[in-house]
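Worksheet for the structure shown next.
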Amino acid sequence: MRERPRSHRRASEKDPGIAANSGFLAVSAGVVGVMSYACTLLMATMLDTAEYTIFAAAAMILGVVGIVANALVPLPLSHVVAVHPAGSEERRNGVAFSVFVSCLAGVAAAVISGSVTLALADPVLAAVVALAAFVIFVANAPAGWLQGELRFTWYALSTVGEVLLRLIFSVVVIAMAWGAGGGVLGFVVGCLAPLIVPWSFYRDLRWRPRVVLEKWRWAETSDIASVLGVVSVLVGVDVVVVGFLDSGSADAAGFQALATIAKGPVYVAAGTALVAFPLLRTPDANAGEVLGAAFASFGQLAVVAFAIIATAPPLMAGFIVPQKYHGSLGLLPWLAASGLGYAVLMVLSTVLLALRAYRRCQIGLACACLLVVVGLWVGWQLNAVTGMAVGSAVGALAAGVVLALLARPVLIAAHPGRGAGPFLVLAVALIVALAVAASLQPLVWLALATVSGLFVLAHQRRLLPHGNDFKIRRRRHSGSRAAGRRRGSKRGGDRHSHGDHSTWPPNARRMERQL
């Protein structure tokens with residue numbers, strides 16, 4: 001078997017200004033979330049309760065499929081694209097491998113998701129879900145290429161276009177009265193948008209079946225997919241489980257509708273992870289600088305998103321939730337807390353993967369699975385759907401804390417910058433202020449939420465002085481320091497990783513000692 005090739009593309013060959021798009025990606029992910037919720041709200045309004053519950057469960061299954069596909073295909077490909085120039089043999093091998101994996105995994109996802117859906121719905125809907133699962137996987141290879149090229153603006157437009165197509169198709173579905181099956185078919189239509197990418201992607205695409213025999217590619221992909229696959233299942237497990245346990249009830253449907261809103265911090269985490277992974281894998285990238293900016297960007301956006309969702313007064317939340325689900329509005333703070341916990345899991349897992357700290361990541365996620373499942377089970381036993389919302393929040397937050405403690409030595413070794421003490425004080429103050437305003441005067445809450453959201457977005461987009469918006473300066477290291485680091489990268493091996501050490505960030509050797 002051919003060994004993993006060395007990386008030749010250096011950080012200086014990329015445009016460092018693009019790294020400032022972390023906030024932009026998070027905003028675009030939020031737009032995607034809003035549009036996705038518009039699709040869900042349209043279905044929740046026009047479908048009867050029993051049919052909407054089936055649609056929501058199918059949509060969440062496909063959401064899990066999408067996150068698994070994002071873990072399995074784009075991240076490994078983004079690494080290959082980030083470190084090898086256009087037209088190179090290794091880049092073309094990587095693109096070919098990602099397409100083969102997409103097709104093979106798409107078939108497996110179609111079988112699994114169709115079988116799960118068959119337990120909830122009729123065979124026609126199960127077949128539509130299976131088709132959507134396959135298409136979602138196939139459409140993910142271009143996304144990895146865009147991430148590796150750091151073309152995040154194109155990537156954001158592609159994801160927004162995907163949901164926009166689905167929203168337009170949802171209107172057609174309602175007009176034609178195609179029901180839940182037609183709504184799920186919208187996922188297939190939306191997957192046409194990610195295939196519209198620069199022609200240079202298709203120039204890199206070659207028919208090379210021999211790449212599937214290279215073991216190191218499978219090792220790298222399995223490491224990443226096994227971790228983020230678990231995260232994706234954790235993110236959506238509460239909605240799927242409540243559909244199984246209390247199918248057809250108004251409480252379960254309200255839980256599912258609100259859970260879509262409450263996953264707002266997860267959208268922020270996805271935007272941060274998209275940027276952080278290829279940057280940390282790029283040769284000569286400063287790991288501490290990348291991590292410090294990534295955590296700052298994530299923290300600012302995630303806290304504001306959580307604070308707004310968790311403290312939303314019923315008068316305001318009632319405008320975007322159908323009348324028949326208003327009885328579930330009391331679950332929103334708990335569901336928002338679980339969304340924050342899942343977001344922390346997603347960001348920390350992606351960072352640990354990028355730094356190749358696989359063992360710590362796997363141990364942390366094993367604990368997370370136990371905590372989340374126990375929280376859901378205990379909550380259901382104590383108070384049905386309401387108890388499940390509380391248990392989901394407790395389990396997700398506890399899982400985030402456990403993974404943070406396990407990741408702490410690796411992160412400290414990278415020297416990401418100053419601590420988060422002052423930021424936590426400001427975050428608590430914002431949450432308390434919004435909670436007080438929501439209880440006293442909803443209009444005051446709306447004004448404060450709007451100002452805080454716009455302030456953070458302006459800060460992320462460098463419209464305010466001293467913006468800390470993921471502006472990464474990746475620079476060359478001259479003379480003996482760079483040569484010494486290259487010599488150091490050739491010594492020894494990482495018992496937790498596979499392949500080429502020349503792609504490690506500068507602080508990776510120090511991190512390895514901490515593992």
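For clarity, every value in this text was computed on a predicted model and none was experimentally measured.
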Fill in the blank from the handout: Nearest heavy-atom approach of A262 to A336 is CB-N, 3.6 Å
Handout entry: Residue pairs fulfilling side-chain hydrogen bond (donor to acceptor under 3.5 Å, both in side chains) with at least one residue in residues 130-139, sequence neighbours excluded
Key = none
Problem - With sequence neighbours excluded, residues passing side chain to side chain donor-acceptor pair (under 3.5 Å) with S392 - result: Y342
Fill in the blank from the handout: Rounded to the nearest 0.5 Å, the CG atom of L335 sits from the NZ atom of K263 at a distance of 7.0 Å
Fill in the blank from the handout: Taken in chain and number order and not counting sequence neighbours, the residues that satisfy side chain to side chain donor-acceptor pair (under 3.5 Å) with E89 are R208
Handout entry: Test item: R91 side-chain N/O and V81 main-chain N/O as donor-acceptor pair under 3.5 Å
Key = yes
Handout entry: Point-to-point distance, once rounded to the nearest 0.5 Å, from CG of L426 to OG of S452
Key = 12.5 Å
Handout entry: D238 vs V242 side-chain heavy atoms within contact, under 4.5 Å
Key = no
Fill in the blank from the handout: Residues at least two apart in sequence or cross-chain that pass side-chain contact (heavy atoms from CB on, under 4.5 Å) with A407, listed by chain then number, are L352, L411
Practice task
Not counting sequence neighbours, which residues clear side-chain contact (heavy atoms from CB on, under 4.5 Å) with L371? List them please.
Solution key: A398, A399, V402
Practice task
Would you indicate whether the side-chain heavy atoms of L291 and L355 approach each other to under 4.5 Å?
Solution key: yes
Completion exercise
Scanning both residues in full, the closest heavy-atom pair of P333 with A310 reads CG-O, 3.4 Å
Practice task
To the nearest 0.5 Å, tell me how far S102 OG sits from F134 CZ.
Solution key: 9.0 Å
Practice task
Considering non-hydrogen atoms only, spot the tightest contact between V304 and G453 and give its length.
Solution key: CG1-CA, 4.0 Å
Problem - Spacing of E162 atom CD and L157 atom CG [to the nearest 0.5 Å] - result: 13.0 Å
Problem - Check: P265 and I309 side chains under 4.5 Å, non-hydrogen atoms - result: yes
Practice task
Please name all residues satisfying ring pair (Phe, Tyr, Trp, His ring centres under 6.0 Å) with W377, sequence neighbours left out, ordered by chain then number.
Solution key: none
Practice task
Evaluate side-chain contact (heavy atoms from CB on, under 4.5 Å) for F137 paired with V101, printing each intermediate quantity in order.
Solution key: CA-CA 9 Å; F137 264 93; V101 170; over 6 Å; no
Practice task
Tell me, please, which residues at least two apart from T311 pass side chain to side chain donor-acceptor pair (under 3.5 Å).
Solution key: W445
Completion exercise
The reported gap from CG in L234 to CG in L365 (rounded to nearest 0.5 angstrom) is 7.0 Å
Completion exercise
For W334, the side chain to side chain donor-acceptor pair (under 3.5 Å) test, sequence neighbours excluded, returns none
Exercise for the section: Taking the side chain as every heavy atom from C-beta outward, state whether V230 and C369 have any atom pair closer than 4.5 Å. Expected result: yes
Problem - Side chain R360, main chain L406, donor-acceptor under 3.5 Å - result: yes
Handout entry: Sidechain-backbone polar pair: Q256 side chain, V239 backbone, donor-acceptor under 3.5 Å
Key = yes
Practice task
Using a 4.5 Å cut-off on heavy atoms from C-beta on, say whether the side chain of E90 contacts that of N93.
Solution key: yes
Problem - Minimum heavy-atom distance V410-A357, with the two atoms named - result: CG2-CB, 4.2 Å
Exercise for the section: Report yes if some heavy atom in the side chain of P198 is under 4.5 Å from a heavy atom in the side chain of W145; otherwise report no. Expected result: yes
Practice task
Please name all residues satisfying ring pair (Phe, Tyr, Trp, His ring centres under 6.0 Å) with Y155, sequence neighbours left out, ordered by chain then number.
Solution key: none
Practice task
Check side-chain contact (heavy atoms from CB on, under 4.5 Å) between V111 and all other residues, then give those that pass, not counting sequence neighbours.
Solution key: S115
Practice task
Would you mind reporting whether L131 and V184 have side-chain heavy atoms less than 4.5 Å apart?
Solution key: no
Practice task
Look up atom CH2 in W154 and atom OG1 in T159, then write down how far apart they are to the nearest 0.5 Å.
Solution key: 13.5 Å
Exercise for the section: Using side-chain contact (heavy atoms from CB on, under 4.5 Å) as the criterion, list what pairs up with L195, not counting sequence neighbours. Expected result: A139, P142, Y202
Handout entry: Nearest non-hydrogen partners of F255 and L331, listed with the distance
Key = CD1-CD1, 4.1 Å
Problem - Distance-minimising heavy-atom pair for A133 and L62 - result: N-CD2, 3.8 Å
Practice task
Please tell me if the side chains of V344 and L403 come closer than 4.5 Å, counting only heavy atoms from C-beta onward.
Solution key: no
Exercise for the section: Could you list all the ring pair (Phe, Tyr, Trp, His ring centres under 6.0 Å) pairs where at least one residue sits in residues 92-115, not counting sequence neighbours? Expected result: F97-W218, F100-W207
